Structure formats: structure tokens, C-alpha cells
S.K.: 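What follows is a structure written as C-alpha cells; I'll ask about it next.
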Amino acid sequence: MKKTDRNKKQSPGSLSDEDLMLWQHLTNTLHPLDARNKRITPVSFDEPGFTPTPPAPHAKHTEIPHAKPQKTGAHAPRQREKNASVPPQLSRFDPRQARKIRAGRIQIESKLDLHGMRQHQAHGALRSFLMRAHARKQKWVLVITGKGTFARDTDAAHSDGHVWDAPQRGVLRRSVPMWLEEPDLRSIVVSYTAAAVHHGGEGALYVQLRSSSGKK
């Protein structure tokens, strides 16, 4: 009987007796993986001499900044504060209040006469007068502008005192209503209208001031 030549080259895919014995030994020592723990971590390897390789560092995660909530109350944006500081437009003078003033049921608390003043003087006097009256918490004041001279005597002013149709030569009579429309005076003035005859008629204005809290 011929001896098996161990040095003879084996065909591809075939295993020697030693390889088969080693494979059988390995398969007997293996245990099936628990399906509930499919993830294998380095700590699960406890064979002697095994050194787990640390995972490669991941790229630094860049967080997307979240939009900050809009502040309210005392910390409102400056834009809102700017809008809130714009004074309201003048209102139409309440006809009932005008009738009470003309009838004496509402008393005029202060009076300013602009007769004989130049335009720049009258402008400064009007501002100072209204600011002082508002600081004193006065509500109803009288401003006398003078009637001036109309180009046509038959033309008259509107009843609310805001607009006169006829071309006017009285500078202060034209200017005072425009000055009352300025933002700094609108912050303290509610409205105005032509006064009664015994208070100066079309040459004077009833002016209603706001309360210190900003309300009418």
C-alpha cells in the first residue's frame, strides 16, 4: 500500500485532516448570537490579548442656531418702541364739548394771545404755552391768533376750525393750525376748533390737551 504523500499539493477547495479537525473544534466552541443583542461592542470581546480599536472620531457636529423668540413687554424691540412713540393724528373736536365751552359749562383754564408777535416768536410762544399747560394737567385752553384779513369777506372758515377756504392774509391764523399738527405738539394736543364769538370767534381756537397718561 502506498503511503499518502503529505507534501502532495491538494486540489483547490479541499481540506486536510488537520484542517478538518481544527474546523470541527472551532464549531464546537461557537455559540449562536442572541437575537436581542445584535450589536457587538468592543467590551464583548474578553479574549486574552485582544485590544479593541477605538472608533474613528466623527466630524464635529455643527448645531444650527435656533431663532430667538421675539421679546415682548419691557424688552420689546427698538423698532416697536419707535413706532409706539409716533404721536396719533389730531381728532375732530367733540361738538358737545365745544357747546359746553361756549355756554360756560366748561371753563377755559389758560389763554394765550399771539397778537403783535412775529411768526417765529408766535411759534415759540405757542409751544411753551401748551407745554406748560400740559405739565399743569390743564385740558381746555384758548389760543388767540387774530382774524387777519380775508381776500373775500363772504368766505368763511369750516365749523371745525381746521381748514379755511378763502385765501388768508393773517399769517398766524394760517400758521397756528399747522403748528398744532407738528409731531411734538400732537403728543400733547387732542384737537382744536374755532372759538365762540365772545372768546374771539374765528380769530381764536379752543385747544383740547391730553391728560398726563396720554389719554384724551
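All values derive from a computational prediction rather than experimental measurement.
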S.K.: Stepwise, does the side-chain contact (heavy atoms from CB on, under 4.5 Å) test hold for Leu130 with Ile188?
M.R.: CA-CA 8 Å; Leu130 294 177; Ile188 62 173; 3.9 Å; yes
S.K.: I need the minimum non-hydrogen distance between Leu205 and Val176, along with the two atoms involved.
M.R.: CD1-CG1, 3.8 Å
S.K.: Keeping the roles fixed (side chain from Thr145, backbone from Leu172), state whether a donor-acceptor pair exists under 3.5 Å.
M.R.: no
S.K.: Which atoms form the tightest heavy-atom contact between Pro87 and Pro183, and what is the distance?
M.R.: CG-O, 3.1 Å
S.K.: Please list, chain by chain and in numerical order, all residues satisfying side chain to side chain contact (heavy atoms under 4.5 Å, CB included) with Ala204, sequence neighbours excluded.
M.R.: Leu142, Ile144, Ala195
S.K.: Going by heavy atoms in the side chains, are Leu126 and Leu112 under 4.5 Å from each other?
M.R.: yes
S.K.: Is the backbone of Trp140 close enough, under 3.5 Å, to the side chain of Gln208 for a donor and an acceptor to pair up by distance?
M.R.: no
S.K.: Return the CE to OG distance between Met131 and Ser187, rounded to the nearest 0.5 Å.
M.R.: 5.5 Å
S.K.: Quick one: does any side-chain atom of Arg173 pair with a main-chain N or O of Glu202 as donor and acceptor, under 3.5 Å?
M.R.: yes
S.K.: Can you tell me how far apart CZ (Arg186) and OG (Ser91) are? Round to the nearest 0.5 Å.
M.R.: 11.0 Å
S.K.: Which is it for Lys111 and Val143 under the side-chain contact (heavy atoms from CB on, under 4.5 Å) test, yes or no, and what are the steps along the way?
M.R.: CA-CA 6 Å; Lys111 180 176 68 174; Val143 177; over 6 Å; no
S.K.: Decide whether Val197 and Ile106 are clustered together by the hydrophobic rule: side chain heavy atoms of Ile, Leu, Val, Met, Phe, Trp, Tyr closer than 4.5 Å, transitively.
M.R.: no
S.K.: How would you list, by chain and number, every residue that makes a salt bridge (charged side-chain N to carboxylate O under 4.0 Å, His left out) with Asp94, sequence neighbours excluded?
M.R.: Arg96
S.K.: Main chain of Ala196, side chain of Tyr206: is a donor-acceptor contact present, judged purely on distance under 3.5 Å?
M.R.: yes
S.K.: Considering non-hydrogen atoms only, spot the tightest contact between Arg174 and Pro177 and give its length.
M.R.: O-CD, 3.5 Å
S.K.: Measuring from Leu209:CG to His134:NE2, what's the distance to the nearest 0.5 Å?
M.R.: 7.0 Å
S.K.: Roughly how far, to the nearest 0.5 Å, is OH of Tyr192 from CG of Leu185?
M.R.: 11.5 Å
S.K.: Got a sec, which residues hit side chain to side chain contact (heavy atoms under 4.5 Å, CB included) with Gln119, two or more places apart in sequence or on another chain?
M.R.: Val171, Ser175, Trp179
S.K.: Just how far is it from atom OG1 of Thr193 to atom CZ of Arg92, taken to the nearest 0.5 Å?
M.R.: 8.0 Å
S.K.: So does Met178 get a backbone contact from the side chain of Glu181, meaning a donor-acceptor N/O pair under 3.5 Å?
M.R.: no
S.K.: Could you pull out the closest heavy-atom pair between Ser191 and Phe93, with the gap in Å?
M.R.: OG-CD1, 3.3 Å
S.K.: Using only atom types and a distance under 3.5 Å, with no angle test, would you say the side chain of Arg102 pairs donor to acceptor with the backbone of His198?
M.R.: no
S.K.: With rounding to the nearest 0.5 angstrom, report the CD to CD distance, Gln107 to Gln138.
M.R.: 12.5 Å
S.K.: Please report the closest heavy-atom contact between Gly146 and His115, naming both atoms and the distance.
M.R.: CA-NE2, 3.5 Å
